[in-house]
Q: 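Structure in structure tokens, see below.
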Amino acid sequence: MKTKSILSPHSEKEIIQAVHQAQESNRSIHCFSAGFNWGYGTNSAIDNQAIHLDLSQMNQIISFDKDLGILKIEPGVTQGDLQAYLEKNNYDYHVPNNGAGHRASIMGNALERGFGIAPLQDHASSILSIRGILSDGSIYESALKEIDPKLADCFSWGVGPQLDKMVSQSSWIIVTEMSIQLKKRQECTDIILLTFSEAQLGQIILMLQNLMSEMEGSIGSIKIFNRKQVIKNNDSLINRIFFSYDEWFLTIVIYSHSLTRNSIIKLTKKRIRQFLKAKVSILNSGKIHFLTKLFSLIPGNESSEHFFKIKDLNEMMNLARGRTSEVGFKALDVDFDYLKNDQFDFAKFDKKLVWFSPICPLIPARALQLIDLVRTLNVDSEFKFKTYTWTILNQRTLALVMPIVYDFDKNENFWEWYKKIHIEMKEKGFIPYRFHNEMMPTLREDLLPHYYGHVKKFENAMNPNSLILKGRY
Ligand SMILES: Cc1cc2nc3c(=O)[nH]c(=O)nc-3n(C[C@H](O)[C@H](O)[C@H](O)COP(=O)(O)OP(=O)(O)OC[C@H]3O[C@@H](n4cnc5c(N)ncnc54)[C@H](O)[C@@H]3O)c2cc1C
């Protein structure tokens, strides 16, 4: 029995040594950037004999072109590192953030095809070029780096077959450098908030379909949360100002210049009202500042529910402004107080997190079919989805993201049930955008067997014996 080994390389040279060590000892390599892939297997390998390569020590921001917004990083650079760097240098750019907060890596999230809040929310799509180590120990670089590294970043298609595009959710390369596009912060950020009832969900999806086809350029992110996720105590004053007793809660982030702001907000409100009658609130930094001041005048208010909720609104604004935030932990499950500790780590906790995140065409009938399906699963099962977040990914697609936090050791049936819901979803034409380690065999064998027949051919050529990230995707 071989023992689990964890290596923390500081250079490409040390990674190449690790690859040779793996070849010689007939083991595979599991690599991660920061290792906070919570809900999808965290930093654990599928192959329990694998050598673990913890790349978090390779955490240099190699360069940032402030004119073109091109950032070149090593694997271990976290959201928090990037935020500190941008602030220190007065670069007014968004961090490609997500709900996992400041400890999660930029590279790992892009490689997992994660999505976030700020304008380039599909993080894999912001990858411009890469460099990394292949399973034979050789160095791979994007096509145009042979001509000029800057050109490679500026024209990410390169010339000829585009191998870089196969780097996300894949397992043939240990990425050591990545260039990504950052987006400049716009002058104004407003969040449109409204609540609506279950019966209005279809109308809302139709409205969003129209809004996205007309105004995608001005809209940063659109999310729909179920009430349980955002509002623990419906009686607080803040809740009465911004929320109602409706089931769903919609946020639309609008980016604009002060010269265009009013007309964009006016048009958005007009489009919303064409589809439904609802109270529309606008949140921005000025309003949050005002509310914070107002509530601070009330004695003893710091510990009260109102103040707490204003802080949450401020965190939402931080995310929209491209800063990091841990507020996602609270949204995970409002009943779990331990999640409020910002050093909390699922890897060290007896309860485990698993996501279920099916994607869906941005079509009302399909979205309603999906939510009905999920509700049916909830009725029949001992495992329940408590919180739902719809994310509008683009003009065509939405994702329904649902976490489950359970003590798996005491719930032996979990994985059986989880696999079953994947199969049931497939039968109705839905599939998650991203998979937990435990579900990789299901993905390959049950969900996409034909496609994975082709993937296998590529894998055999680029990653013989599955040396890198064995069993992942
Ligand atoms: C409360 C909460 C909220 C969350 N919100 C979001 C969210 O909004 N959006 C989202 O996308 N996720 C979210 N997550 C899930 C997850 O925690 C994040 O996606 C996180 O960014 C992934 O961890 P990481 O960046 O440290 O990646 P890592 O764990 O470092 O990497 C993830 C995987 O990518 C591959 N990989 C990483 N680095 C390399 C490399 N250098 N070379 C080759 N392969 C590599 C490996 O397969 C690795 O397992 C959330 C989790 C929690 C708990």
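We count ligands from 1, going down the list as the structure has it; atoms in each ligand are counted the same way.
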Q: Going by distance alone, is a donor N or O of one side chain under 3.5 Å from an acceptor N or O of the other, for S28 and D47?
A: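 Present: a donor and an acceptor within the cut-off.
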
Q: I'd like to know whether the aromatic ring centres of Y406 and W417 sit less than 6.0 Å apart in this structure.
A: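 Centroid distance Y406-W417: not below 6.0 Å, so no.
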
Q: Does the side chain to side chain donor-acceptor pair (under 3.5 Å) test come out yes or no for D153 and S179, once each step is laid out?
A: CA-CA 7 Å; D153 289 341; S179 292; 3.0 Å; yes

Q: Touching ligand 1 at all, G39? Heavy atoms, strictly under 4.0 Å?
A: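 Judged by the 4.0 Å heavy-atom criterion, G39 does not count as contacting ligand 1.
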
Q: Could you please spell out the steps behind the side chain to side chain donor-acceptor pair (under 3.5 Å) verdict for R472 and S171?
A: CA-CA 6 Å; R472 295 266 304 153; S171 54; over 6 Å; no

Q: Go through ligand 1 atom by atom and flag the ones less than 4.0 Å from a non-hydrogen atom of R472.
A: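 Atoms satisfying the 4.0 Å criterion: 33 (C), 47 (O), 49 (O).
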
Q: Counting from 1, what ligand 1 atoms have a heavy atom of A34 closer than 4.0 Å?
A: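 Those atoms are 26 (O), 30 (O).
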
Q: Which ligand 1 atoms are under 4.0 Å away from a heavy-atom of G328?
A: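 Counting atoms of ligand 1 from 1, those under 4.0 Å from G328 are 1 (C).
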
Q: Any ion pair linking R444 and E459 (charged N to carboxylate O, less than 4.0 Å)?
A: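 Here E459 pairs with R444 in a salt bridge, since their nearest N and O are under 4.0 Å apart.
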
Q: Mind telling me whether Y473 and F435 have parallel, tilted or perpendicular rings, with 30° and 60° as the class edges?
A: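 Judged by the thresholds at 30° and 60°, the geometry between F435 and Y473 is perpendicular.
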
Q: Look at ligand 1 and say whether W355 reaches it with a heavy atom at a distance under 4.0 Å.
A: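 Yes, W355 has heavy atoms under 4.0 Å from ligand 1.
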
Q: Give the atom numbers and elements of ligand 1 that come within less than 4.0 Å of a heavy atom of G114.
A: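 Checking each atom against G114, I get 11 (O).
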
Q: Give the atom numbers and elements of ligand 1 that come within less than 4.0 Å of a heavy atom of L353.
A: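 By the 4.0 Å cutoff, the relevant atoms are 53 (C).
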
Q: In terms of atom number and element, which parts of ligand 1 are under 4.0 angstrom from non-hydrogen atoms of N37?
A: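 What qualifies from ligand 1 is 22 (C), 23 (O), 29 (O), 32 (C), 33 (C).
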
Q: Around atom 12 (N) of ligand 1, find the nearest protein heavy atom and jot down its residue, atom name and distance.
A: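 The closest heavy atom on the protein side is R434 NH1, 3.5 Å.
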
Q: Is it true that F356 and H422 have ring centroids separated by less than 6.0 Å?
A: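 So the answer is yes for these two rings.
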
Q: Measuring from non-hydrogen atoms of I468 to any atom of ligand 1, is the shortest distance under 4.0 Å?
A: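 Contact check I468 vs ligand 1: negative.
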
Q: Side chain or backbone of R103 under 4.0 Å from ligand 1, or both, or neither, by non-hydrogen atoms?
A: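 Near ligand 1, R103 shows nothing, with every heavy atom at 4.0 Å or more.
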
Q: Any side-chain donor-acceptor pair under 3.5 Å between E12 and T176?
A: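 The answer is yes; a qualifying pair exists.
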
Q: Between N463 and S466, do the side chains contain an N or O donor and an N or O acceptor separated by less than 3.5 Å?
A: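 Result is no, nothing qualifies.
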
Q: For ligand 1, note which part of L55 has a heavy atom under 4.0 Å away: side chain, backbone, both or neither.
A: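 For L55, only side-chain atoms sit under 4.0 Å from ligand 1.
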
Q: With a cutoff of 4.0 Å, is L111 in contact with ligand 1, counting heavy atoms of the residue only?
A: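 Within the 4.0 Å threshold, so yes.
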
Q: So for G35, does at least one of its heavy atoms come nearer than 4.0 angstrom to any atom of ligand 1?
A: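 Heavy atoms of G35 do come under 4.0 Å of ligand 1.
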
Q: Which ligand 1 atoms are under 4.0 Å away from a heavy-atom of S105?
A: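 Near S105, the atoms of ligand 1 are 24 (P), 25 (O), 26 (O), 27 (O), 30 (O).
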
